[in-house]
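Working notes for the structure below.
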Amino acid sequence: MCGIIGYTGVKNAQDILIEGLRKLEYRGYDSAGVSIQHDGVIDTVKSSGRIDALVEKLGDGIPGVTGVGHTRWATHGAPNDTNAHPHISNNGRFAIVHNGIIENYESLRAELTADGVCFKSDTDSEVVACLLELYYDGDFKSAVYKAVGRLEGSFALGIVCADHPGRLFAVKNMSPLIIGVGEGENYFASDVTAFIGHTKDVIRLSDGQAAEITAESVTVYDADGNETEPERSVVTWDIEAAEKGGFEHFMLKEIMEQPRALEATIKPRVKKGRLAPEGLEELDISKVSRIVIVACGSAYHAGVVGKYVIERLCRIPTTAELASEFRYSDPILDESVLVIAISQSGETADTLAAMREAKGKGARVMSIVNVVGSSVANLSDNVLYTWAGPEIAVATTKGYTTQVAMLYIFAVWAAGKLGRISSEREGELTKCILALPERVQHAIDLNMHVESLAKKYHTYKTPFFIGRNFDYASCLEASLKLKEISYIHSEAYAAGELKHGTIALLSPDELVIAYCCHEALYDKMMSNVKEVKARGARVLAVAQEGNKRVLAEADDVIYVADTDPLFMALTQIVPMQLFAYYAAKENGCDIDKPKNLAKSVTVE
Ligand code: G6P
C-alpha cells in the first residue's frame with residue numbers, strides 16, 4: 001500500500017528514484033511523484049497514473065543528488081495529481097512521502113487550518129509537511145521529532161528539507177521501511193527490491209525509530225531521539241530475483257519458480273529424514289490446547305488448508321479466521337492457545353492487528369512469513385520463514401504454495417512431537433513433503449493444456465468452483481485468483497452446499513470447475529457433478545492422475561500428479577493459477593497490477 005523511496009549520494013537522484021519506484025509499483029499504482037533537492041530549493045513533480053506518466057511529465061528532469069519518491073494506492077482522497085505524493089509544506093522548505101494512515105489527521109488539519117495553514121490536497125499525509133514547517137527553527141531533527149510526536153496511526157515517512165543539502169530523515173511506525181547502505185550513497189525504501197541493484201547491506205528500522213541519512217552516514221535514533229546501534233544485515237538474494245527474467249509477466253515467472261521456492265522452503269527443514277524446522281525450539285506443543293490461524297486473502301486460504309491438515313494429524317482443535325474479522329470478535333484466548341499468523345509480505349495491517357489482539361490476551365503467536373525482519377516476524381514469539389524469494393506480481397502464487405508447504409511441515413512436526421503419528425508415518429509424510437517440488441513441476445508441465453482450456457472457457461461469465469474439504473480450500477484460492485487478475489466473477493462453493501440454493505443459478509451458459517482430488521470424498525463429489533450436468537452446465541474437472549471415471553462426467557479434465565491425500569491441496573492449485581493467468585491474458589488484463597489492488601495492504 002504505497003511505496004516510498006529516498007536517495008542521497010552523488011548520482012542523479014531522479015534516475016535512482018524512478019528506477020526504485022518501478023520496483024515498488026506493485027505496492028500501489030494510481031499516482032506517483034518525486035521531490036528533489038538542489039541549489040537550496042526542492043523541486044517536485046507528480047502525476048496521476050503509472051510511473052511512465054510521471055516520467056513523461058518530468059521531461060528534461062530535475063537536477064540534484066538527494067530526493068524522495070512515492071507511488072500511491074489511494075486511501076484518503078482521489079487518485080489525482082494534487083493528492084499524489086510528495087506533499088510540500090506551505091513555505092516549500094519540506095517535502096514528505098508517506099506510507100500508512102495518519103489516524104488523527106482531521107484534528108491536526110483543523111488545528112493547523114485555524115493557524116492559517118493552507119491545505120492543497122485531501123490526503124491525511126499533508127499534515128506531516130505542515131507540522132514540520134510549524135516546528136522548524138533551523139533544527140531538522142528536532143522538527144521531525146516534534147512533528148512525529150503529534151501523529152497517531154501507521155507511518156513510514158521520508159523527509160527532505162531545502163535547508164539541509166544531502167540530508168534525509170526516514171521514520172518508521174508500523175509501516176515497512178528499510179535502509180540500504182551503499183558506498184558514498186545511501187537509500188531508504190518500503191522494500192529492499194527498490195535498491196537491491198545498488199546494495200545488499202541493509203538496516204531494518206524498528207517501530208518508533210528514525211534515521212538521519214547523508215551520503216556518508218546513517219544515524220539511527222530511538223523513539224526519544226537518542227542515538228542507537230543499528231541492526232545491520234545482508235540480503236541473501238539479488239537483483240535477478242526481482243526482475244522478469246524473460247517472462248512476459250512476473251506472475252508467470254513466479255508460477256514457474258514454485259518448485260525452486262518450495263525446495264528452498266522444505267529442504268533445510270529436513271535433517272536425516274526427519275523434520276526439524278528451526279524457529280520452534282521454544283514452542284512446547286504439548287501445552288497447546290487450541291490453534292487459531294489468522295491471515296488475509298490467499299494467506300487465509302493457506303490457513304484453511306492448514307486447519308484441515310493440523311486437525312487431522314495433530315488432533316488439536318484448529319480454526320482459520322480472517323484477520324480483519326478476528327480482531328473485532330472479542331476472541332476467547334489464553335496462554336494455551338497458539339495463534340498462527342500467515343503473511344507473505346509480513347506487513348498486512350489486519351494480520352498485525354489480529355496478532356496484537358492475540359498477544360494482548362496472552363496467547364502465543366507464531367508466524368509463517370516470507371519477508372525477513374518484517375513487522376509480522378518481529379511481533380512473533382516463533383517465526384517460520386518461507387523462502388519464496390521476492391514476490392512482485394500482486395496475485396500471489398509461490399507465496400501461497402510455500403505457506404501451504406510450511407503448514408504441512410508444522411503439522412507433521414507437531415504430530416510427531418505429540419506422538420499422534422507413528423515414527424514410520426512421520427517418515428513417510430516427510431518423504432511426501434520432500435517430493436512436493438517435483439509434484440508441482442508436474443503440474444506446471446500442464447501449462448499448454450491449461451492455456452488451451454483458458455482459451456476455451458474464458459468467456460464464461462460466472463464460473464463456480466466446487467469441492468469438498470481440502471478441495472474446497474483450493475476452490476477458495478482458485479476463485480480468488482480468477483477474480484483478482486481476470487476480473488471474471490466467480491464463486492467458490494462447498495460442493496455439498498450447492499443444492500442448498502446456488503444450484504438455482506446453473507444453466508447451460510454456466511461453467512463449473514469441480515475439484516475432484518479428494519479420494520475419500522470422490523463419490524459424493526461425483527453426485528454433485530451429476531447434479532450440475534443435469535442442469536446443462538459445462539464441467540471442467542481437476543482430478544488425480546489415473547482417475548479415469550471422471551472422464552465419463554466432465555467435459556474436460558486436468559490431471560494433477562498424485563501425492564498423499566493430505567498434501568494434494570498444494571499441487572492441485574497450480575493448474576488454476578495458470579488458468580487464471582491465461583484467462584486474464586485472453587481478457588487483455590494488466591496481470592501483474594490488477595485494477596484497484598495492492599500487494600501489501602498496510603491499511604485496515
Ligand atoms: C493482498 C494481496 C493478496 C494477499 C493478501 C495478504 O490482498 O493482494 O494476494 O494474499 O494481501 O497478504 P500477505 O502479505 O499478508 O500474505
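Numbering starts at 1 and runs along the sequence shown. The structure displayed is predicted, hence computed values, not measured ones. Read the numbers this way: they start at 1 and go in the same order the structure lists the ligands and their atoms.
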D30 bridged to K595 by N-O distance under 4.0 Å:
no
Protein contact of atom 2 (C) of ligand 1 - nearest heavy atom, named by residue and atom, plus distance
K599 O, 3.6 Å
For R364, the salt bridge (charged side-chain N to carboxylate O under 4.0 Å, His left out) test, sequence neighbours excluded, returns none
What are the two closest heavy atoms between A411 and I310, and how far apart are they?
CB-CG1, 3.9 Å
With sequence neighbours left out, what residues match R312 under salt bridge (charged side-chain N to carboxylate O under 4.0 Å, His left out)?
none
Can you find a side-chain donor-acceptor pair between S474 and Q572 that sits under 3.5 Å?
yes
Identity and distance of the protein heavy atom lying nearest atom 7 (O) of ligand 1
V601 CG2, 3.9 Å
Nearest to atom 5 (C) of ligand 1, what protein heavy atom do you find, and at what distance?
C296 O, 3.9 Å
Among protein heavy atoms, which lies nearest atom 12 (O) of ligand 1, and at what distance?
T348 OG1, 3.4 Å
For Q344, the atoms of ligand 1 under 4.0 Å from one of its heavy atoms are 13 (P), 14 (O), 15 (O), 16 (O)
Among all protein heavy atoms, pick the one closest to atom 3 (C) of ligand 1 and tell me residue, atom and distance.
V394 O, 4.5 Å
Please list the nearest protein heavy atom to atom 10 (O) of ligand 1 with its residue and the distance rounded to 0.1 Å.
S298 N, 3.0 Å
For atom 8 (O) of ligand 1, grab the closest protein heavy atom and report residue, atom and distance to one decimal in Å.
A598 O, 3.4 Å
Salt bridge or not between K361 and D330? Use side-chain N to carboxylate O under 4.0 Å.
yes
Ligand 1 atoms nearer than 4.0 angstrom to some heavy atom of A299 are 10 (O), 16 (O)
Ligand 1 and S343, any nitrogen or oxygen pair closer than 3.5 angstrom?
yes
Please report the C-alpha distance between K253 and E248 in whole Å, then the side-chain angles of each, then the deciding distance to 0.1 Å, and finally whether the salt bridge (charged side-chain N to carboxylate O under 4.0 Å, His left out) criterion is met.
CA-CA 8 Å; K253 175 184 176 240; E248 195 177 345; over 6 Å; no
